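Numbers here are sequence positions counted from 1. What's counted below: heavy atoms across the whole structure, side chains too, no hydrogens, waters or symmetry copies. Counting convention: from 1, in listed order, for ligands and their atoms alike. Everything numeric here is computed off the predicted structure, so don't read it as measured data.
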Amino acid sequence: MNIQVLGAHNCESQDSKFVSLLIDDALAIDAGGLTSSLSFLAQQKLKAILLTHQHYDHIKDIPTLAMNSFLRDSTINIYSIPPVYDALATHLLNGKFYPNFLERPQGKPTIKFTVIEPHKTEQIEGYSILAIEVNHSVPTVGYQITSADGKIVFYTGDTGPGLAGCWEHVSPQLLITEVTVPDRYEEFAQKLGHLTPSLLKQELISFRELKGYLPAVVVVHMNPKLEREIEAEITVVAKALDSPINLAYEGMQLHL
Ligand SMILES: [Zn+2]
Ligand SMILES: [Zn+2]
């Protein structure tokens, strides 16, 4: 399994993109930086897109991707929970803000949206996909993705603390999760459902207690302005846990 980090941040600029991950050039998770990072040819190779939740930084490129798909007369497969469909239908693709690619062209809409049910393993494009609810300010699911050759990654999406219930259902070799702000913003993180380095440490301790091991950890969704501070604190956490934790960056390649 080859995972490319297309976007690793929670703010966009020339050098930072919203969170998007690309697995084996075929499967994308979250759409904050898809069209802005991928060539037309690479967009054409996408077989399915999994969305974790409805926040704009995770669905931003769905309309632009759909437009490109519509113009070459093809469809795109999107999988997520019902609130994400509602947000797309009500706001981004409501026919006023942008064409309603969920229903048009009539009879063969550009977007084929499939509702995914948490805790029920689905076979999608040769991968086993398991959606698990996490703790964020809106309904959010993380995805465990297992390849045909048994490689397993779990991406939490945006999440706050309290992942013990989630850990029971997943056994990844690689954990991709979020750290949005450094420790001094813990109150903000708790309130909005995000993690700080110290909050992540607690979650990883609970993972190790439950599962008896720690996967390699890569964090995304950093606030670019606070990234050096996050990095310094993550280094301390990784040392304390004696386990690797790396900050993702745009263009990062992960091999499993
Ligand atoms: Zn969010
Ligand atoms: Zn976000």
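Protein N/O/S atoms found under 2.8 Å from the Zn ion (ligand 2): Asp57 OD2, His58 NE2, Asp158 OD2, His221 NE2.
Nearest heavy-atom pair, Asn2 versus His255, reported as atom, atom and distance to 0.1 Å: OD1-CE1, 2.8 Å. The minimum heavy-atom distance between Thr180 and His194, with the atom names listed, is OG1-ND1, 3.1 Å.
Pairs of residues two or more places apart, or lying in two chains, that qualify as ring pair (Phe, Tyr, Trp, His ring centres under 6.0 Å) and include a residue from residues 77-96 are Tyr85-Phe113.
Of the N and O atoms on the side chains of Asp30 and Thr52, at least one donor lies less than 3.5 Å from an acceptor on the other residue. Asp57 and His221 form a side-chain donor-acceptor contact under 3.5 Å, judged by distance and modelled atom types alone. Side-chain atoms of Ser74 and Gln44 form no donor-acceptor pair, as typed in the model, at a separation below 3.5 Å.
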